[in-house]
J.: 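Once you've had a glance at the structure underneath, I'll fire off some questions.
Both ligands and their constituent atoms are indexed starting at 1 by order of listing.
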Amino acid sequence: MKKVILGLIALTLFACVDSVETHRTNYKDKNAPIEDRIEDLISQMTLDEKIKQMNQWTYGKNANPNNIGDEMRKVSPEIGSLLYRSTNPEYRNQIQKKAMEDSRLGIPIIFGFDAIHGYRTVFPIPLGQACSWNRNLVKESCRISAKESWLSGLDWTFSPMLDVARDARWGRVSEGYGEDSYANAQFAIAAVQGYQGNDLADKYTIAACLKHYIGYSLSEGGRDYHYSDISRQTLWETFMPPFEAGIEAGAATVMSGFNDISGTPASANHYTLTEVLKEKWGHDGFVVSDWGSVRNLVEQGVAKDLKVATEKAFMAGIEMDMVDNTYVDYLPELVEEGKVPMASIDEAVRRILRVKMKLGLFENPYVDVVPENERYLLPEYLETAENLAAESMVLLKNENETLPINSNYKSLAIIGPMVKDSIHIMGFWEGKGRPEDVETIYEGLRKEFNGKATLNYALGCDFDGDDKSGFKEALNAANSSDAIIVFLGEKRNWSGENGSRSTIALPKIQEDLVAELQKTGKPIILMLSSGRPLELIRLNEMADAIVEIWQPGTAAGSSVAGILSGRHNPSGKLSITFPQTTGQIPIYYNMRESARPKLGHYQDIPRDPLYWFGHGLSYTNYDYSDVTLSQTKIKRDKKLIAEIEVTNSGNVDGKETVLWFIKDPFATISRPMKELQFFDKKLIKSGETETYRFEIDPMRDLSYVDSYGEKHLESGDYYVIVNDQQIKFEIID
Ligand code: NOJ
């Protein structure tokens, strides 16, 4: 009898266990809810397997000289992520196969790389992209970049960079969308949508990474990696909005910055990484450290050794360590000592697995392998590259309609170190762009002006140094031409990471070349390629026309030539202010008013910068009507419509961007002199009129954020500002 009872108990127990087993979600079941799959997987992982998910390995030599260091360690099939520098999709698939088949649980690796402004097709640097004010083109460039990247074995790019940058000495000003928070937020949305598409699990989409969270651009004096003193007010008002917008747009990942934010480095900052990002904004993806930013906590003096650095970074909210191995080396003992709770490890792994699940990597771990000519530089990619480059270029000055080049100019001198360059013109972070893919300015001009004008080329001088031996040849070319086009600029690594400069003027040799050419008395057109705003106070006087072409990338030749010939009508407007001199930094359009507005300016230079944010000319004329408002008094919960008509009264079609600013002249806390709240770009055919409309949502567009991140809308007077028009309206309770 006893035996029978025992047997029955055993049977019942077995049946129970069996039924639990059969109802438990299997993480490999693609039809099960993602969160259940993640829990199932985590429940089966060892601590070692979990920690390996939280580390990013790399191999080979990073294209970025600042990151050279760690050679790839032997690839273990259990690794969480790989910074993948090869362009070979087959190699990626082999590594992935190892992870899928040789690791105990078959967890796919996420492969990341810096495709910042293109992968093989190189688009203009982001600072230039922002000057296009064309959300669609920016989004399209990111979509193309994602496709080229995915077909090369990538799942993830470390882009977009959303550091609102107001100090052009900081080289990384080139990598972001300029000095304004709203502009950065809008391009953050465009970039995330472009990279991630509608569904991360689709082919050709890759995860975006918002960086560098946060306040990195305020590194003191523009010296890269330095301390950044940021009040909570500035943090919320200036730096947070682009990140918040990118998170709302669904960005899968975030990268923590190198900088020390007022004593608590960005990579050890619980407030920004956990309280804001995860708790307030609800981000459910993961944070990766920047290269070495965990290790750097020791240099920054907040950790006495790497173990403490690991604990601080992890507990602050960084889930993945980029290539430093600190998590692998120290987390096991930190867990054992109870300094890092197992629940926190699980939460970090959960976030990483969630991104991998959303990418569909468990079901589709491999990328398609197609021949290179179907992968890169397709005609439509080059067309987008040309259009985005052309729209990013800013016509700063155009005395006597020197541009576009007209038929009176039968011969053109084309002079300067940028003319035949195919390296620097791609800018920093050129991805996998190759000089041989670049159409140089020289090639572009030859095509554009073939049969229309003779081109007389001379180098003139190098980017820097003091060798003036080429000046004579340049003068000869100038003397035998009707107009002189001088192509000056910066080398690619004068901006970008670790690309700080104490002056934003071009080297003297380049300015001297122009001074020499000016002696001919012929019209001088300056074409400037740079990764930052330049100090143009001297060059501005010498030139009849100036175009800032930024670092346009693969389609440099066709875009530059098109701007010069008029095939492209310039439509770029500055996303960042050009100061008179380096000493005028910081100067940006949305500063706060001084106590004595007429006083206190530098005595040796004009009060205003040389070219304000928003400045940019065209080959046509736009006539703006008066701004109309649907009401002049509105309740705080109602919307107000502002409209303006813009007529193209010139002879050529053009694209015009209307920038809408708001001014709040009096509030509980002081407000900037004006703030961009909306922009819109439209094609206006010659002789036609377009209506631009800004629907003002008071809470969204008129409120201010306080130092706790709370929004406040106060009743009273406001102004909507377009160009020189300033129209008052009132918010009532
Ligand atoms: C360091 C840079 O700061 C960051 O922007 C980049 O994504 C990583 N290195 C990886 O290359």
J.: So if I count the atoms of ligand 1 from 1 in the order they appear, which ones are less than 4.0 Å from some heavy atom of W429?
T.: 6 (C), 11 (O)
J.: I'd like to know if F258 contacts ligand 1, where contact means a heavy-atom distance under 4.0 Å to any ligand atom.
T.: yes
J.: Any salt bridge linking R120 with E372? Criterion: basic side-chain nitrogen under 4.0 Å from a carboxylate oxygen.
T.: yes
J.: State whether the shortest distance between N or O atoms of H212 and N or O atoms of ligand 1 falls below 3.5 angstrom.
T.: yes
J.: Can you sort out which atoms of ligand 1 are near F158, meaning under 4.0 Å from one of its heavy atoms?
T.: 7 (O)
J.: Heavy atom to atom 1 (C) of ligand 1, shortest distance: which of T157, D290, L83, N498 holds it?
T.: D290
J.: Within 45° of the six-membered ring axis of Y376 and under 6.0 Å from that ring's centre, is NZ or CZ of R434 located there?
T.: no
J.: I want to check a possible cation-pi pair here: K147 against Y204, using under 6.0 Å from ring centre and within 45° of the ring axis as the test.
T.: yes
J.: Under 4.0 Å between a side-chain nitrogen and a carboxylate oxygen: does that hold for D290 and K211?
T.: no
J.: So that I can tick it off, tell me whether K52 and E49 are bridged by a salt bridge, with the cut-off set at under 4.0 angstrom between side-chain N and carboxylate O.
T.: no
J.: Within the side chain of H424, is there an N or O that forms a donor-acceptor pair under 3.5 Å with the backbone of R492?
T.: yes
J.: Would you kindly specify which portion of R172 sits under 4.0 Å from ligand 1, judged on non-hydrogen atoms: side chain, backbone, both or neither?
T.: side chain
J.: Which atoms of ligand 1 are found less than 4.0 Å from any heavy atom of K211?
T.: 4 (C), 5 (O), 6 (C), 7 (O)
J.: Would you say M161 contacts ligand 1, with heavy atoms under 4.0 Å as the rule?
T.: no
